[in-house]
Amino acid sequence: MENIINITLPDGSIKSVEAGSSPADIALSIGEGLLRSSVAARIDGVLIDLNTPINSDASIELITSRSEEAHDILLHSTAHLMAQAVKELYPDVKITIGPSIKNQFYYDFDLDYAFNDSDLEKIEIKMKEISKRNLIVNRLEFSRQEAIEEFTKLNEDYKVEIIEGISDDDRISAYRQGEFIDLCKGPHIPSTGKIKYFKLLSTSGAYWRGDEKNKMLKRIYGTSFFDKKALRAYLLMLEEAKKRDHRKLGKELEIFTFDEEVGPGLPLWLPNGATMVDELEKLAKSTERNAGYVQVRTPHLTKGILYERSGHLEHYKKDMFPAMDIDGTEYYVKPMNCPHHHKIYDAKKRSYRDLPVRLAEYGTCYRYEKSGQLFGLMRVRSMQMNDAHIYCTPDQFKDEFLAVCKMYSEYFEIFGIEKYQMRLSVHSKEGLGDKFVDEPELWEQTEKSVREALVEGKIDFVESVGDAAFYGPKIDVQVWSAIGKEFTLATNQVDFAIPSRFGLTYTDEHGKELTPLCIHRAPLSTHERFIGFLIEHFAGDFPLWLAPIQVIIIPVSEKYHTYANEVKDQFFNSEIRVEMDDRSEKVGAKIRLAEIRKIPVMLIVGEREMEEQTLSVRRRHEGDIGSFPLNLTIEELKSEIISKSRRYSE
RNA sequence: GCCUACAUAGCUCAGUGGUAGAGCACUUCCUUGGUAAGGAAGAGGUCACCAGUUCAAGUCUGGUUGUAGGCUCCA
């Protein structure tokens, strides 16, 4: 009896097998097809390889190629396959790490040679060859000392460094396929022959252990799938995503441009973009007015002493443009609006009866972003923030904080933004006194109250240590660009430090002077990033209220230009953004251009319309929807604009 | 900032050391049309910039600037 063990299957049934059977044996006993589609197994909740023997009673779950976990394992195994190919082609290479990431994998190599595109092709061919060898992937286990000896022998210094960092009592595993051995926890695909549909995508540099003080390694990214169709679909998806890229659409739709003589990261808003900025500001102003904010305006330039007081020069200087000397005094362009707003708060005596004070401004700030991190409109050096600072008592904090969170969701509702993640960024102990103001207790206390507010507001969030602002924790809304870069869109930050540095106070009901809390918030981010995001979110197909050109009049021929101009004037007088296509072109050509420009409403006017005083309405994504009286059309479009309807954006 | 690649007409892109090209857009003319491209002609370039190699450089080399993909950092 001793050599029989009981294996519990996911459906609860129990299978008795010989001790030492592997998940592969168990899969085969159920069916050959199951074995074929299995890539690993979970035994009592722990992922193991298909051929690892099981020696005692356990529950089993086979990981088949359909699951996301299986895809991760495949990606990781493909990274090993690539590393093996690179090592065969470039024997001097030292391998480092090669994990799977979302739908992709990468591997970092230390090599005195830079890979180019034709090298990627060569490596891919070598990978296919190794795949055909169908090498069995074996798990090896070492003690720490054995592992160090083994990888020292292989001359893999980086692996030795990793092992040295692993705690003493752990068994160390590695995987061997043919001549290639890689330090790895596993599990892995059982043989290289199962890795068939992959593509190497790009090369880049990457610092060893992500630290810019370390050596720059050579990284190769790639992707891999279980079947050809899925690989093709993924590559197609990457191509499609590029078409939504705001840099491409922003140029095509004449929203913004950059000019070498103006400077990197300093966008120029073209008329279409300026119109959109204006619409955003109108939205923000009315929302904030209803939420009890007041508008202020402050200069772009300020004496250094203000930023000494605020702590910016201590904690934020590397992100600021260098000082300029004006009559012997140092001035800076502002990186944030808060110090100015603090001065406005401080411009008069405040009572608890005045609080909360909510000061709003779409102030333009300038930040010295490192050249390599500029990215279209999403990451720029001059930016106009949807900024406001709320000064409140500790008692008011939770309500104010949640009101800001509510404002986010109202905005997100308007734009139909559904894919985002709330992130609570807190301080790290190591950063105290450097990256963060040195107030350990206040940090803990503030972070606690923010967490409580979030829980009370039933807001789901993830936490990120070490990403707080220098003056306090923040709640960010993370979104992803068309090509998958992550960005912080909205932000909501709590400041427990700076108001006291500015000596800000309010008089409480007992006549005592107290320091207010400050909430920094930017639910619409900056105009630059928000519009960059919206371009991609809508793929340039903006809802009517936001579209730079809302309506284009298309006369069938020159004979109807007079009527078309009358129509245009009426739309113009109704404050609808209208243009007329008076080129000597056929209707089809005018429609085509309007479609390319993604103008939501096309109005065709000819003989019939002129006689009947109507318009033939063609809407993007809908086509010809029929003829309507002029006045009715204006009314309907007006109401669509006022309601901010998203007619096509789903 | 670091690694790598790229930079040719307004846009998209050909052009591997020997007279600078295409399509679209633009201008003019013809055409006056009915729901995604009517026709013809014309204009448009210091091949990003600065050096160098060469009889000769868009093409080769170096530097600068800008852009792209990453790394690091962030609204």
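Labels below follow one simple rule: chain letters A, B, ... track the order of the sequence lines, proteins then strands, and each chain is numbered from 1.
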A.B. asks: Is A/Q384 side chain donor-acceptor paired with the B/A75 base, going by distance under 3.5 Å alone?
C.D. replies: no
A.B. asks: Take atom CD of A/E240 as the centre, draw a 6.0 Å sphere, and report whether it contains more than 12 heavy atoms from other residues, nucleotides or ligands.
C.D. replies: yes
A.B. asks: With the side chain of A/M216 defined as its heavy atoms from C-beta on, choose the nearest nucleotide among B/G34, B/G70, B/G38.
C.D. replies: B/G70
A.B. asks: Look at the side chain of A/R367 against the base of B/C74 and say whether a donor-acceptor pair falls under 3.5 Å; ignore hydrogens and angles.
C.D. replies: no
A.B. asks: For atom P, what is the distance between B/U53 and B/C24, given to the nearest Å?
C.D. replies: 43 Å
A.B. asks: Which value, in whole Å, describes the distance between the P atoms of nucleotides B/A9 and B/G23?
C.D. replies: 16 Å
A.B. asks: If the C1' atom of B/G58 is compared with that of B/C49, how far apart are they to the nearest Å?
C.D. replies: 14 Å
A.B. asks: Would you name the heavy atoms of A/F496 and A/G472 that are closest together and state the gap between them?
C.D. replies: CE2-CA, 3.8 Å
A.B. asks: Any luck finding a side-chain donor-acceptor pair between A/E607 and A/Y560 under 3.5 Å?
C.D. replies: yes
A.B. asks: Quick one: which of B/G34, B/A75, B/U35 gets closest to the side chain of A/D476?
C.D. replies: B/A75
A.B. asks: When the P atoms of B/A68 and B/C11 are considered, how many whole Å apart are they?
C.D. replies: 15 Å
A.B. asks: Mark yes or no for a side-chain to base donor-acceptor pair under 3.5 Å between A/S584 and B/U31, with no hydrogen or angle criteria applied.
C.D. replies: yes
A.B. asks: Is there a donor and acceptor pair, one atom on the side chain of A/Y207 and one on the base of B/G1, closer than 3.5 Å?
C.D. replies: yes
A.B. asks: Hunt down the Watson-Crick or G-U wobble partner of B/U64, both distances under 3.5 Å, from any strand shown, or write none.
C.D. replies: B/A48
A.B. asks: Spell out yes or no: do the side chain of A/Q373 and the base of B/C73 have one donor N/O and one acceptor N/O closer than 3.5 Å?
C.D. replies: yes
A.B. asks: Between B/G34 and B/C29, how many Å separate the two C1' atoms, rounded to a whole number?
C.D. replies: 25 Å
A.B. asks: Taking A/L544's backbone N and O only, do any of them form a donor-acceptor pair with A/Q550's side chain (distance below 3.5 Å, no angle check)?
C.D. replies: yes
